[in-house]
Amino acid sequence: MRIRIVDAFTDRPFSGNPAGVLLLPDADAFPDDTWLQDVALEVNHAETAFAHPLPGGAGPDWALRWFTPATEVAMCGHATLATAHVLHTTGVHTGPVRFATRSGVLVATPAADGSVTLDFPTAPLTPADPPRGLAEALGAEPLTVLDTGPDIGDLLVEVADEKTVHGLRPDLRPLAAHSERGVIATARAEDPARGYDFVSRCFFPNVGIDEDPVTGSAHTALAPFWSERLGRPALTGLQASPRSGRVRTELRGDRTLLTGTAVTVIEGDLLA
């Protein structure tokens with residue numbers, strides 16, 4: 001089987017968020033979960049996506065699952081974008097692709113400019129009291145704290161400004177105690193003329209990811225939060241990790257559109 005490493009939410013190699021992508025030939029079922037987890041650990045990126053074709057008809061086109069090096073996750077934006085990129089650039093699938101996932105049917109639509117738009121469920125945001133010790137673990141005082149619901153499993157934490165987001169150096173062990181997956185730290189952009197409206201960083205120690213480079217699923221929570229604050233449904237977010245990347249978001253009620261590009265950087269044969 002061919003395996004690929006794809007940098008997602010970027011238009012150049014060695015930036016954005018890398019994902020492993022493995023297209024499986026069997027249209028009936030996924031391989032054993034232990035094997036899927038072993039492959040994801042070997043790839044050792046934030047997520048590895050596994051997809052197999054589904055029988056033709058009116059339903060989804062491909063079944064899709066995502067694994068970190070430590071566990072399976074319920075939703076992953078960048079690995080979905082990476083999978084759609086592989087399907088379209090290799091000619092395996094043309095036009096919109098419908099993925100059957102643990103988070104329902106997710107649609108990825110390619111555009112003529114090479115970008116892909118993902119149609120994801122909008123995260124339900126619930127105000128929360130800052131947990132005791134959160135400020136010390138994160139390294140910044142929370143202005144606003146929201147729970148992002150079961151599919152995302154994060155705390156969304158607004159901090160004072162963009163400079164604070166860039167400067168975060170969290171203590172990951174105590175940070176892990178405050179949510180199922182991790183913490184999304186965010187602030188309004190200092191200068192929207194730079195081409196983005198808000199910044200974020202994502203720390204996910206509970207799934208084996210100290211800092212995720214660019215997180216599509218987090219933007220299903222960031223989009224409704226910042227759209228309400230800024231009064232616009234369409235925004236651009238900068239995820240300010242060392243690799244960095246941008247996600248264009250458009251809030252459509254209970255759905256959020258996430259748009260980005262991707263680049264295949266490695267392709268080879270999986271022998272195990």
Side-chain angles (χ1 to χ4, degrees), residues 4 6-11 15-21 23 45-51 54 59-68 73-90 92-124 148-149 151-154 181 184 196-198 200 202 212-227 233-239 245-264:
R4 296 166 176 87
V6 177
D7 290 344
F9 291 115
T10 183
D11 58 2
S15 60
N17 201 352
V21 177
L23 302 182
H45 284 311
E47 265 88 14
T48 297
F50 301 89
L54 294 171
D61 306 299
W62 288 73
L64 177 62
R65 295 171 69 182
W66 314 277
F67 286 76
T68 77
V73 296
M75 182 185 293
C76 179
H78 86 277
T80 305
L81 174 60
T83 304
H85 169 80
V86 169
L87 288 171
H88 294 132
T89 56
T90 59
V92 173
H93 189 96
T94 59
V97 55
R98 297 162 296 175
F99 293 111
T101 78
R102 287 174 56 182
S103 295
V105 176
L106 306 177
V107 181
T109 303
D113 63 0
S115 66
V116 175
T117 296
L118 309 177
D119 184 338
F120 271 40
T122 300
T148 61
D151 286 340
I152 306 301
D154 298 328
R181 182 174 70 167
I184 307 164
Y196 55 91
D197 302 289
F198 60 87
S200 66
C202 295
D212 199 34
V214 191
T215 314
S217 60
H219 283 75
T220 67
L222 290 161
F225 179 78
W226 286 112
S227 288
L235 301 169
T236 298
L238 170 71
Q239 194 153 330
R246 300 192 185 197
V247 183
R248 301 200 303 274
T249 68
E250 184 175 346
L251 185 64
R252 294 189 176 180
D254 63 354
R255 307 297 296 185
T256 295
L257 304 184
L258 310 172
T259 301
T261 55
V263 181
T264 301

Does the side chain of [X] reach to within under 4.5 Å of the side chain of [Y], using non-hydrogen atoms?
| X | Y | answer |
| --- | --- | --- |
| Thr220 | Thr122 | no |
| Gln239 | Val247 | no |
| Ser217 | Arg181 | yes |
| Val86 | Val92 | no |
| Leu87 | Phe99 | yes |
| Asp151 | Met75 | yes |
| Glu250 | Thr117 | no |
| Leu106 | Leu64 | no |

From [X] [atom1] over to [Y] [atom2], what is the distance, rounded to the nearest 0.5 angstrom?
| X | Y | atom1 | atom2 | answer |
| --- | --- | --- | --- | --- |
| Thr236 | Arg248 | OG1 | CZ | 6.5 Å |
| Ser115 | Leu258 | OG | CG | 12.0 Å |
| Leu235 | Leu251 | CG | CG | 8.5 Å |
| Leu222 | Ile152 | CG | CD1 | 9.5 Å |
| Thr249 | Leu257 | OG1 | CG | 9.0 Å |
| Thr90 | His85 | OG1 | NE2 | 9.0 Å |

Between [X] and [Y], which heavy-atom pair has the shortest distance, and what is it?
| X | Y | value |
| --- | --- | --- |
| Ala262 | Ala8 | CB-CA, 4.1 Å |
| Pro60 | Val105 | CG-CG2, 3.8 Å |
| Leu81 | Gly260 | CD1-O, 3.8 Å |
| Ala74 | Ser103 | O-OG, 2.6 Å |
| Val107 | Pro96 | CG1-CB, 4.2 Å |
| His93 | Trp62 | ND1-NE1, 3.9 Å |

Exercise. His219 and Thr256: side-chain hydrogen bond (donor to acceptor under 3.5 Å, both in side chains), yes or no, with the steps?
Worked result: CA-CA 8 Å; His219 283 75; Thr256 295; over 6 Å; no

Does any N or O in the side chain of [X] come within less than 3.5 Å of the main-chain N or O of [Y], such that one atom is a donor and the other an acceptor?
| X | Y | result |
| --- | --- | --- |
| His88 | Gly95 | yes |
| Thr261 | Thr10 | yes |
| Arg255 | Asp119 | yes |

Exercise. Given Trp66 and Thr80, is the side-chain hydrogen bond (donor to acceptor under 3.5 Å, both in side chains) satisfied, shown in steps?
Worked result: CA-CA 8 Å; Trp66 314 277; Thr80 305; 3.1 Å; yes

For this session: Pick out which of Val116, Leu23, Val97 makes a side chain to side chain contact (heavy atoms under 4.5 Å, CB included) with Thr83.
Result: Leu23

